[in-house]
There are 2 protein chains.
Amino acid sequence: MATIDDVAKAAGVSRSTVSYALSGKRSISPQTRGRIDRAIKQLNYTPNAGARALRTAQTGVLGLLVQFHEDEFAPAMLQYILPITETSRALGYDILMMTETDGAEALTRAAESGMVDGLVLLDVTQNDPRLDALRSVRQPGVLVGLPGDTRGLDVVDLDFAAAARSLVDHLVDLGHREVVLVSPPRHVFERGGAYSWRFRDAALQRASERGITLTPRYGESQQPAIDENLHAILDDNPDATGLIMHNDASVAALPHLLHQRGVRVPDDLSVVSLYSRDFARWFSLPYTAIESSPGLLGTVAVKQLAQRITGEDAAGPHGTRLITAEIVDRGSTR
Amino acid sequence: MATIDDVAKAAGVSRSTVSYALSGKRSISPQTRGRIDRAIKQLNYTPNAGARALRTAQTGVLGLLVQFHEDEFAPAMLQYILPITETSRALGYDILMMTETDGAEALTRAAESGMVDGLVLLDVTQNDPRLDALRSVRQPGVLVGLPGDTRGLDVVDLDFAAAARSLVDHLVDLGHREVVLVSPPRHVFERGGAYSWRFRDAALQRASERGITLTPRYGESQQPAIDENLHAILDDNPDATGLIMHNDASVAALPHLLHQRGVRVPDDLSVVSLYSRDFARWFSLPYTAIESSPGLLGTVAVKQLAQRITGEDAAGPHGTRLITAEIVDRGSTR
DNA sequence: CTGAAAGCGCTTACAG
DNA sequence: CTGAAAGCGCTTACAG
């Protein structure tokens with residue numbers, strides 16, 4: 001590997017001149033610049049990341065803390081990881097991906113050793129143990145998912161309450177009076193997946209405001225329990241004309257199951273849900289749904305984090321950003 | 001952030017003694033060790049990764065080069081990424097994940113700047129442009145996916161030919177004489193996804209050896225083309241009693257489609273495929289299949305890479321490792 | 001417009 | 001069993 005000294009020697013200038021030529025932080029005469037550029041090309045020089053990090057205390061790397069709960073639907077996670085990685089790269093950052101079970105420990109390790117300039121926390125829960133770790137660390141972080149205590153944190157999440165209200169309104173406006181909501185599995189509520197009750201509570205409140213019956217039920221996360229549970233829910237609510245699906249694993253299983261039961265959508269049952277376009281494509285889901293916009297959430301989160309790292313004024317005070325998502329009509333309601 | 005000098009001062013020893021206490025590379029008196037340990041704990045000291053990397057030319061990071069082809073089924077990718085990340089961590093490495101379209105450039109950048117000790121290339125194709133980049137770089141790499149030229153490379157892949165043969169045998173042994181194979185989309189063949197023709201060619205050859213008719217067809221990668229294509233394939237082969245699915249996107253759509261057509265498995269049609277347990281779970285796939293073992297592939301690949309990095313003799317000469325996978329009987333054949 | 005020098009925080013030969 | 005010192009490859013004040 002060529003070093004900056006090799007380049008300086010080859011170009012017949014000093015080390016500092018090469019460095020400034022690279023950073024553009026002071027003007028270089030055209031001839032000097034030319035010689036440096038040629039030397040760099042010829043030696044195939046790339047600055048050493050470790051040395052640069054040691055000197056500048058900046059690594060150009062963001063830590064991405066991913067958590068895989070067994071009761072969660074793994075394919076959905078990739079929708080967040082990819083846009084975050086791509087946005088990061090566009091802003092000049094690489095991604096160090098950490099999937100350890102002990103996320104707090106991983107976060108601390110990456111931060112304290114100075115491997116990262118900032119941290120992205122995915123799938124944050126109500127009392128997420130990673131938050132204390134994040135607060136006690138020098139690097140800024142951004143959360144995707146709303147915890148109970150957001151003091152001093154930047155948070156980005158979907159506005160699940162607004163999403164629930166607009167799905168209820170959508171059904172009520174079409175005349176539905178009896179609606180079932182399939183929530184995430186009970187475990188998700190219990191471990192503090194706030195999106196689960198934010199969605200459910202808002203849906204229940206709106207239903208009561210609009211004077212309709214909304215029956216909330218838990219979904220399941222694994223076959224064959226998913227199918228059994230859905231059958232039971234449909235059996236228990238023969239008069240329901242509307243179904244709100246707020247559970248990836250269950251909604252993925254729904255088309256086949258409804259077909260089995262001979263239930264036609266939307267003739268016999270109106271179905272709405274909440275997922276992304278990609279998710280709909282992978283699982284061939286034909287339901288009108290709030291676009292969960294994982295790409296948008298990831299992009300917003302990373303941009304906020306990058307501003308926080310560079311200390312731009314635009315970063316503003318710490319706060320929570322709830323994204324209002326659009327409904328995508330796929331004709332599954334009537 | 002505390003530095004090693006802070007620890008040395010607090011413990012009343014020299015910097016080098018702290019360093020040796022950390023590495024265990026020379027013996028330290030119990031009292032000294034105790035004072036150092038206490039100082040480390042008290043100051044919450046973690047060695048600076050950049051400084052260590054600069055000094056040792058080792059980063060403890062592996063670069064993971066992921067590629068997302070639009071004609072590929074993204075959810076399947078996560079099955080490889082996760083085990084690789086977990087195995088790496090178990091061996092003491094963190095993962096720098098790179099998803100750039102220009103994988104060769106990304107590889108070169110990560111390697112030349114000394115950000116990584118080694119590289120894992122996912123989804124390698126016949127003439128993968130990343131291979132030249134890998135060959136011209138100081139760090140070792142390991143490929144998941146078999147390219148045309150493997151000189152000087154460590155490769156791990158599923159034995160797709162063996163998988164195809166055992167699926168054909170499985171059907172022939174049950175008495176099937178007319179079988180259809182749904183391969184990956186044409187684009188995958190064209191861009192050099194070697195697994196596509198390794199599987200198809202071996203299946204065709206085995207079919208001819210066993211004297212049965214095997215009709216190969218291309219799959220599609222996007223709805224609604226997937227369904228249209230599958231309908232056409234089934235319409236065109238009314239006498240086929242066996243179906244081999246070698247395409248994630250198509251097989252994920254198959255249960256619903258067969259149900260629509262009123263085709264019962266295995267009564268009317270025997271179906272076999274190639275995918276992982278996780279994939280089967282996510283998509284509720286009920287078919288007997290070769291276990292594609294993404295976790296095993298990832299683990300083998302990372303272990304091989306780690307041996308190559310540490311220069312262990314156990315790493316042996318460069319070579320290709322084709323993993324023979326097991327068949328998981330889910331009762332979809334007769 | 002350019003150069004010489006200090007120093008980021010480590011590890012490890014060298015010395016005792 | 002322990003310490004003083006060199007040096008990994010950069011960036012940036014300081015000086016001209």
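Lettering follows sequence order; numbering is per chain, from 1.
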[X] [atom1] to [N] [atom2], straight-line distance once rounded to whole Å:
{"X": "B/Met1", "N": "C/dC8", "atom1": "CE", "atom2": "P", "answer": "16 Å"}
{"X": "B/Leu22", "N": "D/dT2", "atom1": "CG", "atom2": "P", "answer": "15 Å"}
{"X": "B/Gln58", "N": "D/dG9", "atom1": "CD", "atom2": "P", "answer": "14 Å"}
{"X": "B/Lys9", "N": "D/dT2", "atom1": "NZ", "atom2": "C1'", "answer": "18 Å"}
{"X": "A/Arg35", "N": "C/dT2", "atom1": "CZ", "atom2": "P", "answer": "8 Å"}
{"X": "B/Arg15", "N": "C/dT11", "atom1": "CZ", "atom2": "C1'", "answer": "10 Å"}
{"X": "A/Ile36", "N": "D/dT11", "atom1": "CD1", "atom2": "C1'", "answer": "15 Å"}
{"X": "B/Asp6", "N": "C/dG9", "atom1": "CG", "atom2": "C1'", "answer": "10 Å"}

Are [X] and [Y] side-chain neighbours, meaning at least one heavy-atom pair lies under 4.5 Å?
{"X": "A/Leu65", "Y": "A/Val120", "answer": "no"}
{"X": "A/Met97", "Y": "B/Thr85", "answer": "yes"}
{"X": "A/Leu119", "Y": "A/Leu62", "answer": "no"}
{"X": "A/Gln139", "Y": "A/Leu134", "answer": "no"}

Inset, instruction - Tell me, please, which residues at least two apart from B/Thr150 pass side chain to side chain contact (heavy atoms under 4.5 Å, CB included). - result: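 With neighbours one apart ignored, the set is B/Leu146, B/Pro147, B/Val155, B/Thr320.
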Inset, instruction - Taking side chain to side chain contact (heavy atoms under 4.5 Å, CB included) as the test, write out the residues that go with A/Arg109, two or more places apart. - result: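 Here the qualifying residues are A/Met98, A/Glu100, A/Glu105, B/Arg89, B/Asp94.
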Legend entry - B/Asp6 and B/Arg15 ion-paired at < 4.0 Å: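 No.
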Legend entry - Ranges pairing with ranges for DNA chain C, where each run has three or more Watson-Crick or G-U pairs under 3.5 Å: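 If one scans DNA chain C for consecutive Watson-Crick or G-U pairs, the stems found are C:1-3 with D:14-16, C:5-12 with D:5-12, C:14-16 with D:1-3.
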Side-chain donor-acceptor pair under 3.5 Å between [X] and [Y], yes or no?
{"X": "B/Thr32", "Y": "B/Ser29", "value": "yes"}
{"X": "B/Gln126", "Y": "B/Arg191", "value": "no"}
{"X": "B/Thr17", "Y": "B/Ser14", "value": "yes"}

Does [X] place a side-chain N or O at less than 4.0 Å from the phosphate oxygens OP1/OP2 of [N]?
{"X": "B/Thr17", "N": "D/dG3", "value": "yes"}
{"X": "A/Ser14", "N": "C/dG3", "value": "yes"}
{"X": "B/Ser23", "N": "C/dT11", "value": "no"}
{"X": "B/Ser19", "N": "C/dT11", "value": "yes"}

Legend entry - Within residues 46-57 of chain B, residues whose heavy atoms come under 4.0 Å of DNA chain D: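 DNA chain D contact set from residues 46-57 of chain B: B/Leu54, B/Arg55.
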Legend entry - CA sep, side-chain torsions, deciding dist, call: A/Arg321, A/Asp159, salt bridge (Lys or Arg N to Asp or Glu O under 4.0 Å): CA-CA 9 Å; A/Arg321 223 135 110 190; A/Asp159 191 336; over 6 Å; no
Inset, instruction - Sorted by first residue and then second, give each side chain to side chain donor-acceptor pair (under 3.5 Å) pair with at least one member in residues 36-56 of chain A; sequence neighbours left out. - result: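 Non-adjacent pairs meeting side chain to side chain donor-acceptor pair (under 3.5 Å): A/Asn44-B/Glu112.
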Legend entry - Residue B/Ser27, side-chain atoms from C-beta onward, closest of D/dT2, C/dT2, D/dC1: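 In terms of side-chain proximity for B/Ser27, the closest of D/dT2, C/dT2, D/dC1 is D/dC1.
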Pairwise N/O distances under 3.5 Å, protein to nucleotides 13-16 of chain D:
residue: D/dA13; atom: N7; partner: A/Tyr20; partner atom: OH; Å: 3.2
residue: D/dA13; atom: N6; partner: A/Tyr20; partner atom: OH; Å: 3.2

Inset, instruction - Give A/Thr32 one of three labels, base, sugar-phosphate or nothing, depending on what nucleic acid heavy atoms sit under 4.0 Å from its own. - result: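 It contacts sugar-phosphate atoms only.
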Legend entry - Most 5' of A/Lys25 and B/Pro30 on DNA chain D, judged by nearest nucleotide: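 Result of the comparison: B/Pro30.
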